[in-house]
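One structure below.
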Amino acid sequence: MLPNVYTPGQIPRILAGRKADLRRIEDRLARVSTYGELAGPLLVFHAPRGIGKTSLLRAAQRKADQLGFATAWTSCSRDRPVLAEVVDSVGRALERIDAVPDPTRWRGRLERVTLEVGVPGAKVQAEIARRDTPRPTAPIGALESLLHDAATMTRARGGAGLLLLIDELHAASAVDLAVILNVLQNLDGERERNPLAAVAAGLPVTPEALTRAATFGERSSFVALDLLPDEDARAALVDPAAEAGVAWTPRALSAVVEEARGYPYLLQLIGSTTWDAATPEAGTTLDMSDLRRGLPEAREQLTSMHRARWGAASALEQEFLRAMAATGLDNVTRAAIAAGMGQDSRSISVPRERLIDKGVIEPVGHGLVRFTLPGFGAFVRGLDDA
Ligand SMILES: Nc1ncnc2c1ncn2[C@@H]1O[C@H](COP(=O)(O)OP(=O)(O)OP(=O)(O)O)[C@@H](O)[C@H]1O
Ligand SMILES: [Mg+2]
């Protein structure tokens with residue numbers, strides 16, 4: 001029996017599509033390695049959960065590793081100090097590629113910078129606001145010189161430069177975002193001395209959060225990641241299977257693509273349950289009967305995700321979700337939800353913000369919101385029938 005080639009919830013074996021997005025990143029890598037300079041402002045990919053942000057960033061990291069970059073990966077979380085994690089990841093990235101001449105001194109340096117970026121947020125915010133500070137604010141100055149040194153050390157050792165990858169950027173505090181943006185802006189002031197690039201990913205609130213953190217945050221390059229078009233959705237199913245000598249019938253393939261609606265997580269999930277139902281060997285072709293046996297398991301999984309999200313919502317949030325689902329629309333206006341809840345449209349802000357923070361719904365511009373997980377609206381409507 002062949003091991004399952006699909007990866008629901010994990011980095012895919014083969015990244016389908018995303019060619020233009022990878023090219024954007026590769027352009028920046030080329031600028032760093034060719035000219036030894038800082039490549040552009042922060043590049044930020046944003047999308048709801050399960051669309052493939054982490055997968056894209058990991059593919060970029062693999063590419064950069066091959067090109068001789070030191071690649072520092074940080075995943076932001078509300079419970080951990082983001083800047084300290086950036087420092088730690090930069091430290092390890094250089095050690096991985098043997099770019100550290102004196103490891104003991106390097107460790108000491110990292111410890112000092114970690115202390116400096118640990119300065120309480122309120123103090124940093126006040127200093128950033130006071131534009132006339134004679135010295136750079138401690139965390140900014142410390143992180144700035146660390147990134148400069150890390151990038152030049154990499155290059156001195158024959159490497160291409162430093163690639164900073166920051167995932168879940170929306171989870172960083174406003175102060176941490178402000179520090180990161182200020183550091184990159186300062187490094188850009190002496191672009192030719194700083195061979196590095198910074199690429200980040202986050203939920204759809206990320207652009208707004210960056211712009212709020214620092215006015216020049218809006219000069220970051222924002223790229224929305226979308227659902228996979230049909231052709232790429234097919235590739236997500238066909239390519240990993242082909243590597244194992246397994247094929248799909250055109251009919252089964254189309255049926256999965258239709259069911260998953262371009263949602264990468266669902267493609268992997270249905271691919272995976274179909275594979276398990278079929279227990280294929282090299283030379284097997286997955287067909288409609290395999291899919292029919294695999295699909296209930298995938299739907300069951302999706303329903304548990306719906307149930308978990310529903311269960312994690314407060315009574316007021318559930319009321320909000322019901323009103324939203326009742327419209328039967330993909331993109332729902334604030335007014336329609338407020339009307340459904342029998343409320344004034346200004347007074348629904350709290351549950352709205354909370355649900356966006358939890359990633360259950362996302363803003364799609366002009367005050368409209370939509371569910372982030374396919375089928376969630378139908379699930380909520382079904383609750384009333386049960
Ligand atoms: N381009 C792609 N080709 C094939 N599979 C993909 C692709 N992008 C994402 N996937 C699959 O979709 C699922 C979600 O991907 P990923 O974790 O990268 O999404 P995400 O946007 O980072 O989600 P989250 O916001 O929850 O972190 C994974 O199972 C992954 O294997
Ligand atoms: Mg992710």
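Whatever order the structure lists ligands and atoms in, that order sets their numbers, starting from 1. Numbers for residues simply follow the sequence, beginning at 1.
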Ring of Trp310, cation from Arg322 - is the NZ or CZ under 6.0 Å from the centre and inside 45° of the axis? no
So, is Leu203 polar-close to ligand 1, with some N/O to N/O distance under 3.5 Å? no
Arg23 bridged to Asp27 by N-O distance under 4.0 Å: no
Less than 4.5 Å apart, any side-chain heavy atom of Arg309 and any of Thr372? yes
With heavy atoms and a 4.0 Å threshold, my read on which part of Leu267 contacts ligand 1 is neither
One finds that the ligand 1 atoms under 4.0 Å from a non-hydrogen atom of Tyr265 are 12 (O), 13 (C)
Which ligand 1 atoms, with their elements, are less than 4.0 angstrom from a heavy-atom of Gly9? 28 (C), 29 (O)
Determine whether more than 12 heavy atoms belonging to other residues, nucleotides or ligands lie under 6.0 Å from atom CD of Glu231. no
Test of understanding: given a 4.0 Å heavy-atom threshold, classify the contact between Arg58 and ligand 1 as side chain, backbone, both, or neither. neither
Applying a heavy-atom cut-off of 4.0 Å, say which part of Gln268 lies close to ligand 1: side chain, backbone, both or neither. side chain
Going by the atom numbers of ligand 1, which of them fall below 4.0 Å from some non-hydrogen atom of Ile14? 3 (N), 4 (C)
Give me the nearest non-hydrogen protein atom to atom 10 (N) of ligand 1 as residue plus atom name, then the distance to 0.1 Å. Pro264 CB, 3.5 Å
Before signing off on this row, confirm whether Lys53 and ligand 1 have an N or O atom pair separated by under 3.5 Å. yes
Flag, side chain of Thr215 to backbone of Thr211, donor-acceptor distance under 3.5 Å: no
Checking a contact table here: which protein heavy atom is nearest atom 19 (O) of ligand 1, and how many Å away? Gly52 N, 3.0 Å
Can you tell me which residue and heavy atom of the protein come closest to atom 28 (C) of ligand 1, and the distance to 0.1 Å? Gln10 O, 3.3 Å
Please tell me if the side chains of Leu22 and Lys19 come closer than 4.5 Å, counting only heavy atoms from C-beta onward. no
Within this structure, what is the CG-CG distance for the pair Asn194 and Leu196, rounded to the nearest 0.5 Å? 6.0 Å
Do the side chain of Arg370 and the main chain of Asp330 share a donor and acceptor less than 3.5 angstrom apart? no
For Leu203, is there any backbone N or O sitting under 3.5 Å from a side-chain donor or acceptor partner on His170? yes
Contact atoms of ligand 1, heavy-atom distance to Thr7 under 4.0 Å: 28 (C), 29 (O), 31 (O)
Output yes if Ser55 passes the N/O/S-under-2.8 Å test against the Mg ion (ligand 2); output no otherwise. no
Heavy-atom donor-acceptor pair, Arg80 side chain to Ser75 backbone, under 3.5 Å: yes
State whether the shortest distance between N or O atoms of Gly50 and N or O atoms of ligand 1 falls below 3.5 angstrom. yes
Among all protein heavy atoms, pick the one closest to atom 16 (P) of ligand 1 and tell me residue, atom and distance. Ser55 OG, 3.5 Å
Phe222 and Gly217: which non-hydrogen atoms are nearest, and at how many Å? CZ-O, 3.7 Å
Quick note on ligand 1: atoms under 4.0 Å from a heavy atom of Glu168 include exactly 27 (O)
Does Asp167 use its side chain to pair, donor to acceptor, with the backbone of Thr54 at less than 3.5 Å? no
What is the nearest protein non-hydrogen atom to atom 24 (P) of ligand 1, stated with its residue, atom name and distance? Arg49 NH1, 3.3 Å
Nearest candidate to atom 1 (N) of ligand 1, where distance is taken over non-hydrogen atoms, out of Ala16, Gly17, Gly202, Pro8: Ala16
Look only at interatomic distance and state if Leu15 has a nitrogen or oxygen under 3.5 Å from any nitrogen or oxygen of ligand 1. no
